[in-house]
Amino acid sequence: MNKKEITIKISKDAGITGLQAKKALASLLQGIKDSLRKGERVTLSGFGSLEIKKRKARKGRNPKTGEIIQISQKNKVKFNPSRIFEDSL
């Protein structure tokens with residue numbers, strides 16, 4: 001399911017126009033991004049939670065040359081599904 005299909009489903013289920021559904025989805029996604037940027041955890045009851053985890057710098061290997069390279073630290077988004085969500089699958 002892609003963004004367009006989600007927008008159509010929201011529109012039909014909520015009985016709103018496609019444009020309103022598109023704006024609602026965009027607002028939701030922007031709110032999640034903003035919260036994660038601030039370092040806040042985002043929890044959606046019955047679905048799961050999202051949080052930023054820092055991945056430590058580490059050494060890696062270039063697969064073409066075999067040369068050892070330094071991989072820098074970076075932030076990753078971690079999703080923890082809720083028990084209700086997992087049990088429904």
Side-chain angles (χ1 to χ4, degrees):
M1 183 176 247
N2 61 30
K3 200 174 190 180
K4 185 176 181 180
E5 293 168 336
I6 292 169
T7 302
I8 292 168
K9 178 148 179 55
I10 291 170
S11 174
K12 287 180 182 176
D13 291 352
I16 58 177
T17 67
L19 183 59
Q20 290 171 325
K22 187 176 180 179
K23 286 181 180 181
L25 181 59
S27 177
L28 171 69
L29 296 176
Q30 190 60 50
I32 290 171
K33 288 180 201 175
D34 292 344
S35 293
L36 290 173
R37 272 192 207 107
K38 292 177 191 174
E40 298 171 355
R41 183 180 179 148
V42 177
T43 303
L44 302 168
S45 296
F47 185 69
S49 62
L50 297 156
E51 63 184 319
I52 295 291
K53 291 288 187 178
K54 291 190 186 289
R55 190 166 186 186
K56 294 180 181 178
R58 63 191 196 285
K59 292 182 181 179
R61 189 175 298 273
N62 182 331
K64 288 185 179 180
T65 64
E67 176 188 2
I68 294 178
I69 57 172
Q70 185 65 27
I71 301 171
S72 61
Q73 168 185 312
K74 66 182 189 177
N75 293 332
K76 298 294 283 182
V77 177
K78 182 178 180 190
F79 174 69
N80 293 316
S82 73
R83 184 158 299 189
I84 295 168
F85 178 67
E86 282 188 330
D87 291 344
S88 72
L89 299 177

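Sequential numbering from 1 along the given sequence is applied to the chain's residues. The shown structure was predicted, so the numbers you read here are calculated from the model rather than taken from an experiment.
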* **Interatomic spacing from CD1 in Ile52 to NZ in Lys76 - rounded to 0.5 Å** => 10.0 Å

* Under a 4.5 Å side-chain heavy-atom rule over Ile, Leu, Val, Met, Phe, Trp and Tyr, are Ile8 and Leu25 clustered together? -> no

* Structure fact -> Of all heavy-atom pairs linking Asn75 and Lys54, the shortest is OD1-CG, 3.4 Å

* Ser27 side chain vs Lys23 backbone, donor-acceptor pair below 3.5 Å -> no

* Asked: Which heavy atom in Thr17 sits nearest to a heavy atom in Ser11, and how many Å separate them?
  -> C-OG, 3.6 Å

* Closest contact, heavy atoms only, Lys3 versus Leu29 -> CE-CD1, 3.8 Å

* Measure across Ile69 and Arg61 and return the closest heavy-atom pair with its distance rounded to 0.1 Å. => CG1-N, 4.2 Å

* Check Thr7, Asp13, Ile6 against Ile10 for a side chain to side chain contact (heavy atoms under 4.5 Å, CB included) and give me the one that passes. => Ile6

* To do: Could you check whether the rings of Phe79 and Phe85 sit parallel, tilted or perpendicular, using 30° and 60° as the cut-offs?
  => perpendicular

* **Leu89 reachable from Ile84 in the ILVMFWY side-chain graph, under 4.5 Å edges** => no

* Asked: Does Gln73 reach the side chain of Arg55, with side-chain heavy atoms less than 4.5 Å apart?
  -> no

* To do: To the nearest 0.5 Å, tell me how far Leu28 CG sits from Lys33 NZ.
  => 10.5 Å

* Value rounded to 0.5 Å, distance of OG in Ser35 from CZ in Arg41 -> 13.0 Å

* Asked: Taking all atoms of both residues into account, what is the closest heavy-atom pair of Asn62 and Lys64, and its distance?
  -> OD1-N, 2.9 Å

* Structure fact -> Here the gap from Glu51 atom CD to Thr43 atom OG1, rounded to the nearest 0.5 Å, amounts to 8.5 Å

